[in-house]
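Here the structure is laid out as structure tokens; the discussion comes afterwards.
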There are 2 protein chains.
Amino acid sequence: MIVVGKKAKEDLKVLILNSAKKLFVEKGIEQTTIRNISDAIGCSIGTVYVYFKDKNAIFHALHTQGFIQLSSEFKVLLHVSNPMERLRAMGKVYINFALKNRDMYDLMFNLKSPMEFLNDEKLQEWNEGKATFDVLRSTVNECLAAGYFAGHQLEPTAFMIWSMVHGMCSLEITNRSVGVNIQNPENIVTAAYEEFMKIMDKL
Amino acid sequence: MIVVGKKAKEDLKVLILNSAKKLFVEKGIEQTTIRNISDAIGCSIGTVYVYFKDKNAIFHALHTQGFIQLSSEFKVLLHVSNPMERLRAMGKVYINFALKNRDMYDLMFNLKSPMEFLNDEKLQEWNEGKATFDVLRSTVNECLAAGYFAGHQLEPTAFMIWSMVHGMCSLEITNRSVGVNIQNPENIVTAAYEEFMKIMDKL
DNA sequence: TTGCAAAAATGAACATTGTTCATTTAATTT
DNA sequence: AAATTAAATGAACAATGTTCATTTTTGCAA
């Protein structure tokens with residue numbers, strides 16, 4: 001093979017990412033050090049910097065991986081033809097992803113670290129977020145076309161729905177939902193989403 | 001004065017907090033160092049540790065200050081007798097606070113740092129958050145008593161409303177609302193909240 | 001006023017972190 | 001086999017949070 005060198009390079013890059021992801025999910029972003037990562041895969045500190053500009057670049061790559069996973073979990077929604085049903089199902093998929101991948105969700109939607117590339121590289125856009133929001137927007141648009149959400153505007157309504165679901169997940173993940181009294185505290189997100197679906201029924 | 005010693009001690013504690021707050025708002029939590037804080041008020045590094053256990057304790061104190069401010073801004077709501085109107089106004093006050101004190105809001109509702117005291121000190125509770133949620137809960141409760149939100153449950157509904165408003169502010173503050181297309185991008189939060197109020201009208 | 005004990009303040013020193021870069025090692029080509 | 005290119009290395013650096021033995025200041029009794 002001629003490109004053994006490049007193949008090895010890609011392999012090591014993947015190894016670094018996998019190692020970083022594992023440590024990150026175990027111990028959080030702050031407690032994951034470059035030395036941890038390099039130790040885990042048996043290479044030197046410097047090698048990590050051959051493949052990634054800095055620590056932030058590693059976590060930006062992980063954040064992108066998260067969006068690939070979320071978008072793949074959205075694929076089941078293609079089988080739901082009714083837009084309103086699809087919208088409901090989308091919320092469930094989203095919530096399920098968030099609560100089963102808490103730190104990854106935090107990285108994707110809360111932490112500032114992976115967004116700093118917006119400042120660094122000239123006006124680069126948050127394509128991952130845009131693509132995900134597009135899925136929601138087009139579904140809401142179909143709902144409007146089907147007569148739901150009468151009197152509501154597309155963009156603000158879609159953003160409102162996203163905010164609602166994101167807010168629940170975010171409060172839960174960042175441990176801010178502790179003051180809410182409910183029989184099964186672990187289900188507060190599900191319970192709140194069901195209230196929201198009741199409301200959507202009326203629109 | 002007999003308590004000069006203690007008075008001085010309290011003064012310095014306040015100085016540290018004010019200095020920390022100023023630097024924190026200017027440069028963010030990560031970029032605010034203990035040395036920055038001590039330099040700004042002309043004391044030594046060690047002195048800061050006389051008044052605060054660690055950096056986290058400083059930011060937990062700031063986070064508490066934020067809740068005091070928010071709760072004071074809630075006071076105007078006492079003049080609104082109709083619970084539904086009060087609920088709407090509460091959202092506006094909340095959004096206004098969040099967008100005018102972005103880093104403080106982040107500290108209060110997004111960052112993990114100030115919440116770590118929940119692990120440290122035995123089962124201490126997040127009283128600041130609870131008290132704020134209480135204001136919302138009792139307002140929603142009054143709405144229910146007045147016949148609004150028919151068929152909805154108190155706690156999940158209140159949590160849902162909080163999530164909705166928090167989600168908007170959070171996405172905006174953490175720069176995740178960039179993919180939303182709208183004429184005045186800076187008003188996406190206001191526009192989305194107006195859609196939400198339209199929905200509340202129907203309940 | 002002086003002496004002394006308690007309180008407050010200090011900053012050198014340490015451990016840990018992200019990051020750099022001159023050097024070494026390995027791989028590929030000539 | 002030599003030369004050239006690519007990859008990997010880890011010592012060294014700067015910055016940070018934190019500690020603690022020491023110094024300075026304060027409050028008060030003799």
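Naming: A, B, ... by sequence-line order, numbering from 1 per chain.
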Interatomic distance where OH belongs to A:Tyr51 and C1' belongs to C:dT19 [whole Å]: 18 Å
Could you give the CG-to-P distance, from A:Leu12 to D:dA7, as a whole number of Å? 11 Å
Ring pair (Phe, Tyr, Trp, His ring centres under 6.0 Å) partners for A:Tyr193, two or more places apart: none
Taking side chain to side chain donor-acceptor pair (under 3.5 Å) as the definition, give me every residue that meets it alongside B:Ser44, ordered by chain and number, with sequence neighbours left out. B:Thr47
What pairs meet the side-chain hydrogen bond (donor to acceptor under 3.5 Å, both in side chains) rule with one or both residues in residues 58-68 of chain B, with sequence neighbours excluded? B:His60-B:His63, B:His63-B:Trp126, B:Thr64-B:Glu128
How about A:Leu87 and A:Met197: do any of their side-chain heavy atoms sit closer than 4.5 Å? no
For atom CD1 of B:Ile16 and atom P of C:dT10, their distance in whole Å: 10 Å
Polar atoms only, N or O, under 3.5 Å: list the protein pairs with nucleotides 14-17 of chain D and their distances.
residue, atom, partner, partner atom, Å
D:dG17, OP1, B:Lys55, NZ, 2.7
D:dG17, OP2, B:Ile34, N, 3.0
D:dG17, N7, B:Arg35, NH1, 2.8
D:dG17, O6, B:Arg35, NH2, 2.9

Side chain proximity check, B:Ile58 to B:Val48, heavy atoms < 4.5 angstrom: yes
Integer-rounded Å distance: C:dA7 P and B:Lys13 NZ: 17 Å
A:Ile41 has an atom CD1; how far is it from atom C1' of D:dA8, in whole Å? 12 Å
How bent is the helix from C:dT1-D:dA30 to C:dT30-D:dA1, comparing axes over its five end pairs at each side, to the nearest 10°? 20°
Length of the CD1-C1' vector between A:Ile45 and D:dA7, whole Å: 16 Å
Keeping B:Lys198 on the side-chain end and A:Gly151 on the backbone end, is there a donor-acceptor pair under 3.5 Å? yes
Under the criterion ring-ring contact (aromatic ring centres under 6.0 Å, His included), I'd like the reasoning laid out for B:Tyr94 against B:Tyr105: C-alpha separation, chi angles, the key distance, then a yes or no. CA-CA 10 Å; B:Tyr94 189 96; B:Tyr105 187 85; 5.7 Å; yes
Test B:Ile95 against every option in B:Met90, B:Met168, B:Glu172 by the side chain to side chain contact (heavy atoms under 4.5 Å, CB included) rule and name the one that passes. B:Met168
Any residue meeting salt bridge (Lys or Arg N to Asp or Glu O under 4.0 Å) with A:Arg35, in chain and number order, not counting sequence neighbours: none
Separation of atom CZ in A:Phe52 from atom P in C:dT20, rounded to whole Å: 15 Å
Phosphate-side-chain proximity, A:Thr47 and D:dA8, N/O vs OP1/OP2 below 4.0 Å: no
